[in-house]
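To start, the structure itself, in structure tokens.
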Amino acid sequence: MLELKHVFKKYAVNSEYILNDINLKLDKGLISIEGTSGSGKSTLLNLIGLLDKPTKGIVSLDGKNLKKLKKKEIDYYHYKKIGFIFQNYNLIEYLTVYENITITHTSNDVDKILKDLNIYKLKNKKVNKLSGGEKGRVAIARVLVQDPDILLCDEPTGALDSKTGEVIMNILKKISKKKLVIMVTHNHDYSVKYADRIISIKDGRIVDDTKQIKKNSTEVKEKYTKVHFKINKLFKIIINNLINKWKRNVLTAIAFSIGLISLLLVLGIRNGFSISLDNYNKEYASNFPIYISPYTQDKQEELNDLLKEKEVRNDKVYSYQDKHVNKIDKEFVDYINIKNNLIKYNIYGYSIDSKTILTIPTNNIDDFYNNFNMLYGNIITNNYDVILVLDSSNNLNQNLLKQLNLKNDSYSYEELIGYKYKVNNNQYTISGIMKLKENNILQINSCILYKDTFNSTPNSIYLYPNNIDDKNELVKYIKEYKTEITFTDYSDTIKTASDFIIKAASIILISFSIISLIVSSFMIGIITYISVLERVHEIGLFKSLGISNSNIRRIFIIENIFIALLASIISIVITMLISYPINDLLFEYTSLNNILLLNTGIVFIIVIISIIVSVLGSFIPAFGISRLKIVDALKYE
Ligand code: ADP
Ligand code: MG
């Protein structure tokens, strides 16, 4: 039993009432509502159909005031109790007849209903291929499957030829035997022929009400159940939309993937760069020496000392510690020699007449010479041969030359080779002149190289480990020595520098990627907003069928997740493709291989981030769906 008591409706605060004191009691049967265009028929139907609320007055169904229904209850009424046949039928064009009529409900009678309506053979046809009359019958089939108590039809025959119109009217008449069917029509003949009651409206008032039917009031308290909208129905809509709008979706994905590509580049470069530098350190930097002399200090400590600023007050006395002095003696040299297998070259520095000279290593001497270009003469062949090592501009320290009694500004190679001089009662001969190759790792300057025949302890020690593992072992070994030995680890210095570069680069690159993510998220938001606007009509239909706001939101969000996945795939493929030229280019400048390198972790991060960004981006526009009023949404074309 549907009852309207003193119902008023106006759309704007200061406008006139569109509906003016409507009082009605309706039970079963076919009710026809007539009136000129603009008289308020659709407005009345919308109030009854819970698509809109009255400004004043009460609309009640089986004694329940419909104004007091909660959102979920309204969804339930639309799902279960109230069905619509709209003038334009509001079918989802890209779904088939079967999919349309079973969008919210399923029934074992679907085939029977389709046969009764004579559209069984259209069952799997897409709705956009149907004629107007066929669409009308599909809309009726949908309502029959839904099986609501009240059926509201707004000009159901308006767009049909008279023959099809009669068919539809016959079906409605049949339905009205068991249900309440309220129909707005302009066709007075149909009203006369089929309606049990004709209500005429003029300027929002009931001006005529013929063929009363007997009252039959039974008030039943209705318990509502939550509407369960099956997830596979949702996916059907989503997949159809994705396919139907594939061009737009692919374009969106491409646009989205630009942001993702920039993030991939950042993560890929960070990954590849640190791997490259690690390899570089392993292969190359690890060969740099560990340098030990009485006064060598740990570089890091030295740096810390430099950074520490001490406040000096003029009324205080401060204590200070002596600088650490390494005790390099025979015991320590022997200690190191035990680990000779870890060391590629061992070069010792001695002080002769307070000048430092270096010795050629006892390990891998042939390989050692590969660090030099022999300019003239020969390598050391006996204990008293020496080699002059020049710097890049062929200079040699004047003090060193003075030790050889050579006091001129310059000498020709010929003059020097074979030159003999005495130091500590030993006579030495210059056998060769060499120059350090570029990019050598020895970390020594111009010097004079002797064979190690000195029976004293060295002044300083250069130890070149074989590789990174041996270096680490050697460092550990030195640290285990009974007294503290401080040393300079040149490779560590380089590693610290490269770590700093990675850190600095990461900060810059990560800021870029954050910007790109924000941009992507905005873009997804805008696109979702446009998509919501484009589909307002469809959203209105979903709502009128009792599909809840959260389910409609889910449609948009899941669609965006699919687009995000597509964008991830596009961006990963593109990044992998462009990584080849980028790596070639970067190799030219840095001599580092594969600076841009993706891995599964990065791919995983990108997929997750793209999903998060797409969901975040679609949140606000998707929530706009809740605010859409069904009547407005349905009017929207
Ligand atoms: P009918 O269906 O009888 O042709 P309607 O109920 O659609 O008439 O409309 C009645 C009046 O209310 C019309 O003047 C129309 O312009 C107005 N109207 C309908 N919907 C709205 C709305 N959402 N906002 C403002 N005015 C409206
Ligand atoms: Mg109308």
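Residue numbers run from 1 in the order of the sequence given. Indexing begins at 1, ligand by ligand and atom by atom, following the structure's order.
- Close contacts between ligand 1 and S37 involve ligand atoms 4 (O) [criterion: under 4.0 Å to a heavy atom].
- Among L114, I140, T96, I113, the single residue meeting the side chain to side chain contact (heavy atoms under 4.5 Å, CB included) criterion with I101 is L114.
- Of all the heavy atoms in V127 and I92, the pair that sits closest is CB-O, 4.0 Å.
- The closest heavy-atom contact to atom 2 (O) of ligand 1, among the options S42, S15, G35, comes from S42.
- Of all heavy-atom pairs between I22 and G204, the closest is CD1-O, 3.3 Å.
- By the 6.0 Å contact criterion, NZ on K5 is open, its count of non-hydrogen atoms from other residues, nucleotides or ligands being 12 or less.
- On a distance-only criterion, G38 and ligand 1 share at least one N/O pair closer than 3.5 Å.
- For the Mg ion (ligand 2), the tally of protein N/O/S atoms lying closer than 2.8 Å stands at 1.
- At a heavy-atom distance under 4.0 Å, atoms from both the backbone and the side chain of T43 approach ligand 1.
- For the side chain to side chain contact (heavy atoms under 4.5 Å, CB included) with Y94, the qualifying choice from N240, I243, N100 is N240, the only one to do so.
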Walk me through it: do Y11 and T43 pass the test side chain to side chain donor-acceptor pair (under 3.5 Å)? CA-CA 10 Å; Y11 284 105; T43 303; 3.2 Å; yes
Stepwise, does the salt bridge (charged side-chain N to carboxylate O under 4.0 Å, His left out) test hold for K9 with D52? CA-CA 10 Å; K9 176 72 185 176; D52 209 350; 3.4 Å; yes
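- The distance from atom CD of E93 to atom CG of L130, rounded to the nearest 0.5 Å, is 8.5 Å.
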